[in-house]
Amino acid sequence: MRRFLFLTAILMANVLTMSAAKKSVINKIEPTDWYVGMKNPQVQLMVYGQGIRDVQSVTTDYPGVKIDSLVRLDSPNYLLIYMNLKDAQPGTMTLNFGKTKVAYQLKAREMSGDKRMGFTNEDVLYMLMPDRFAQGANHPKQIKGMRNYVEDRTQPSLRHGGDLNGIREHLDYFKELGVTALWFTPVLENDSPDSKNGHSTYHGYATTNYYQVDPRFGSNADYKRLCDEAHAKGLKIVMDMIFNHSGFEHPWTMDMPSKDWLNMPEWLNERNSGRDPMTGYTANSDGSEPAKSKYLQTSYKLTPVIDPYASKVDLKETVEGWFVPSMPDLNQHNPHLMRYLIQNSMWWIETVGIDGIRMDTYPYAYADAMAQWMKELEEEYPNFNTVGETWVTEPAYTATWQKDSKLAKDNSYLKTVMDFSFFDKLNQAKNEETDGFWKGLNRLYYSFVYDYLYPNPSSVMAFIENHDTDRFLGEGKDTLALKQALALLLTVNRIPQLYYGTEVLMNGTKAKTDGYVRCDFPGGFPGDTHNCFTKEGRTKAEQSMFAWTSRLLHWRQGNETITKGSQIQFIPYNGIYVIARQYKGKTALTVLNGTSQPATMDVERFAEVIGKATKAKDILTGRYYDLSKNFEMKPRQSLVLEY
C-alpha cells in the first residue's frame with residue numbers, strides 16, 4: 001500500500017512538472033500597455049488565456065518593477081497580476097509565465113496629470129453620434145471577423161457608416177459654428193450581431209472590448225489623430241463611457257472571471273428559457289419574462305438610490321437589474337472589476353488625450369464604487385472633468401450627486417451633473433403661454449430657484465435635447481421657440497451642451513424608434529445631395545438658424561460676463577422673463593417674451609440691473625435698444641442685450 005502511494009505521488013509530481021513545463025497560452029493582456037510616473041504606482045494586468053489561471057509563477061527582472069500578487073479567479077482562463085512600478089522607467093519589460101515570455105511596454109506620460117485640463121463652463125459641448133455624423137475617406141465596406149452586420153442608411157436602427165475620420169475631416173465646421181468641445185457617443189468596439197428585427201448597437205453602448213475602438217469607426221490611432229487635430233484647433237474631446245454594463249458578446253458574459261463579476265447572472269445558465277441565446281432577449285411575443293426565469297430587469301427608477309425610505313427590493317432592481325438583456329450588468333463591488341474599469345478610464349486619458357468623460361447611466365452603478373473612481377481620477381487629474389448622466393427631473397436629486405453636496409450621505413466626488421430639470425421644464429414651456437403663475441417660462445424661473453442646492457451651479461450641464469430624447473423641434477420647425485431655448489441655454493450659469501444638427505433645424509421624435517432622433521447629418525455621407533456643412537449647401541432657413549446660433553456661440557467664447565458673472569433672475573412679468581449676468585461693470589441681459597402676443601418690456605422694473613445704462617446692443621441682431629423707456633417685444637421674441 002505504501003509503495004502504491006509512493007508511486008502515485010511520484011506520478012502526480014511528474015504530471016505537475018510536465019504541466020508547468022508546457023508553454024502557457026496567452027490571448028491578450030489588458031491594459032495593452034501602461035504608463036510610469038502615475039501617482040498610484042500599482043497596476044493590474046488582466047491576462048486572458050486558456051488555463052492561464054493555473055500558471056505556477058509570473059516573474060520579471062525589469063528594473064524598478066515588483067510583482068505584488070497574483071489573483072486566481074474562478075474561471076481558469078483569467079489571471080490578474082498586480083505590479084508596482086514606483087521606480088520603473090519607460091521601456092519594454094519581459095513577463096515570464098513559466099517558459100512563456102511576453103513583452104509588455106511601459107510608456108512615458110506626455111504630461112503630468114495636473115496639466116490635463118477638462119471642460120468647464122467656458123466651453124460649449126457639441127454632442128454627436130459617430131455612426132450618424134459623417135463618413136471619412138476609405139471607409140471599409142465590410143470588416144472581416146466581426147459578427148453579422150450591415151450598413152444600411154435606409155434603416156433607422158442599423159449602422160449607417162459614419163466614422164472618426166468623417167468627424168476629423170469636418171473639424172473646421174465646429175470651429176465655424178463656435179462650439180469648443182465635442183462629445184461623441186461611445187466609440188469602443190461593439191461586436192454584437194444585428195438582430196433579426198433590424199436593430200444594431202450602432203449607438204455604442206454595448207462594449208465588447210474596452211481597449212479598442214470599434215473597427216467600423218476606425219482604429220485607436222485614428223482616435224488619437226482626431227484628438228490631436230482637434231486640440232490643434234482649440235477643440236476638446238469628451239469620451240462617453242459606461243461602467244454600469246457591457247455588451248453581451250464581451251468574453252466576460254459566457255466566461256465570467258469570477259462568480260460575482262456580473263450582477264444577477266444566474267439566468268445565463270437557464271435552459272429552454274424562451275430566450276435568444278445570442279442576445280438574451282425573450283422570445284415571448286408579448287415581451288413577458290419566461291416562467292421562473294431568474295433574470296432581473298432594472299426598473300429604470302433612480303430614486304431608490306438616495307431615497308431615505310427606499311425598500312431593499314426597489315434598490316436591488318435599480319442597481320442590480322440589467323438595463324436590457326443584451327447588456328450584462330457589471331458588479332462594481334467586485335474590487336478587481338472596479339480596478340479594471342478605473343484603469344481603463346485613465347488609460348484612454350493617457351493614450352489619446354481625451355479632455356473629459358461623460359459617464360452613462362451613472363446612478364445605476366453602485367454609488368460607493370463610482371465615488372471611489374471619481375476620487376482616484378481627481379487625485380491623478382485634479383483639473384479633469386467628468387459629467388454623470390443622472391436622469392431625474394427634480395433639482396434636489398441632481399444636486400445630491402454633485403461633489404461636496406450637503407444633501408448626500410456620502411461624497412460622490414462627481415464634479416458635473418446633467419440638468420434634467422432644465423431640459424424638462426423648457427420642453428414643457430415651449431408649448432405654453434407664460435402666465436402670471438406657473439406655466440411657460442415660469443417653469444424655468446422655478447427650476448433655477450433651486451440652484452442653492454448645488455455646491456457648484458456653474459459646473460452643472462444644461463441641454464435642451466440629446467440622443468435619448470425627442471429633438472427640441474419635434475416634427476416641426478418652430479425657430480422662435482428654438483431661439484428662446486438656445487438664448488437661455490447659452491447665457492445662464494451652466495455648462496451648455498448642444499445636439500448635432502439643431503443648428504441646421506434637424507428635427508424628429510422617438511415615436512417609432514430612437515433612430516429618428518439620430519438621423520444622418522446632411523452632407524456627411526457619399527451621395528448626399530443636401531450638404532449642411534457649407535453655406536452654399538444649406539437652405540435659406542437652415543443658413544439663417546446656423547448664422548444666428550454661430551453668432552451667439554462666438555459671442556459667448558471668452559465672455560467672462562457669462563462664465564464668471566453673477567446671475568439675477570426676475571419672476572416673469574407680463575409674459576417676459578429676464579435673466580441678468582453681471583461682471584466687472586458689464587451686463588448681459590437675456591430677455592424672452594414667453595407669449596404668442598406682443599408684450600411691453602417695463603424697463604423701470606429692471607432698474608437694479610440696468611443701472612445708469614441708457615442703451616444696449618442686441619448681440620443677435622446688432623440693433624440698439626433705448627433703456628430709458630419701455631419698448632415693445634414681438635411674440636416669442638428673444639433678446640440678448642449687452643451694455
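- A donor and an acceptor atom, one from each side chain of H231 and D355, are located under 3.5 Å apart.
- With sequence neighbours left out, the side-chain hydrogen bond (donor to acceptor under 3.5 Å, both in side chains) criterion links R551 to no other residue.
- Electrostatic pairing of K224 and E110 counts as a salt bridge here, judged by a charged N lying under 4.0 Å from a carboxylate O.
- E169 and N165 are not linked by any side-chain donor-acceptor pair at a separation below 3.5 angstrom, with hydrogens and angles left out of the test.
- Under 4.0 Å is where a charged nitrogen must lie from a carboxylate oxygen, and between D478 and K483 no such pair does.
- F472 carries K430 over the face of its six-membered ring, with the cationic atom under 6.0 Å from the centre and within 45° of the normal.
- For R494 and Y454, the positive end sits near the middle of the six-membered ring, less than 6.0 Å away and at most 45° from its axis.
- For the residue pair W183 and D240, a side-chain donor N or O sits within less than 3.5 Å of a side-chain acceptor on the partner.
- S192 and E249 share a side-chain donor-acceptor pair at under 3.5 Å.
- Ring geometry for F422 against F448 counts as tilted: the plane angle lies between 30° and 60°, on a 0 to 90° scale.
- You'll find the side chain of F248 reaches within 4.5 Å of the side chain of L268, heavy atoms only.
- No salt bridge links E380 with R116; every basic N to acidic carboxylate O contact stays at or beyond 4.0 Å.
- A salt bridge is absent between E151 and K141: the closest approach of a Lys/Arg side-chain nitrogen to an acidic carboxylate oxygen does not fall below 4.0 angstrom.
- In this structure, F323 has its ring center closer than 6.0 angstrom to the ring center of Y364.
- Ion pairing of E389 with R358 is present here, as a side-chain N (NZ or NE/NH1/NH2) and a carboxylate O approach within less than 4.0 Å.
- For the residue pair W252 and S246, no side-chain donor N or O sits within less than 3.5 Å of a side-chain acceptor on the partner.
- Q332 meets the side-chain hydrogen bond (donor to acceptor under 3.5 Å, both in side chains) test with no other residue; sequence neighbours excluded.
- Side-chain contact, Y210 with E189: no donor N or O sits under 3.5 Å from an acceptor N or O.
- Checked by atom type, the side-chain pair T351/Y35 shows a donor-acceptor distance below 3.5 Å.
- Ionic pairing of R147 and D191 is present here: one or more N-O contacts between side-chain nitrogen and carboxylate oxygen are shorter than 4.0 angstrom.
- We find that D131 and R153 are not joined by a salt bridge, their nearest charged nitrogen and carboxylate oxygen being 4.0 Å or further apart.
- A salt bridge is absent between R216 and D163: the closest approach of a Lys/Arg side-chain nitrogen to an acidic carboxylate oxygen does not fall below 4.0 angstrom.
- Ring pair F533/F521: centre-to-centre distance below 6.0 Å.
- Side-chain atoms of Y173 and E503 form a donor-acceptor pair, as typed in the model, at a separation below 3.5 Å.
- With respect to R168 and E229, a salt bridge is recorded, a charged nitrogen being found less than 4.0 Å from a carboxylate O.
- Note: F184 and Y223 have tilted aromatic rings, judged against thresholds of 30 and 60 degrees for the angle between ring planes.
- Using cut-offs of 30° and 60° for the angle between ring planes, the F133 and Y500 rings count as perpendicular.
- Taking the six-membered ring for Trp and thresholds of 30 and 60 degrees, W391 and F420 have nearly parallel ring planes, at less than 30 degrees apart.
- Sorted pairs that involve residues 136-169 and meet ring pair (Phe, Tyr, Trp, His ring centres under 6.0 Å), not counting sequence neighbours, are lacking altogether.
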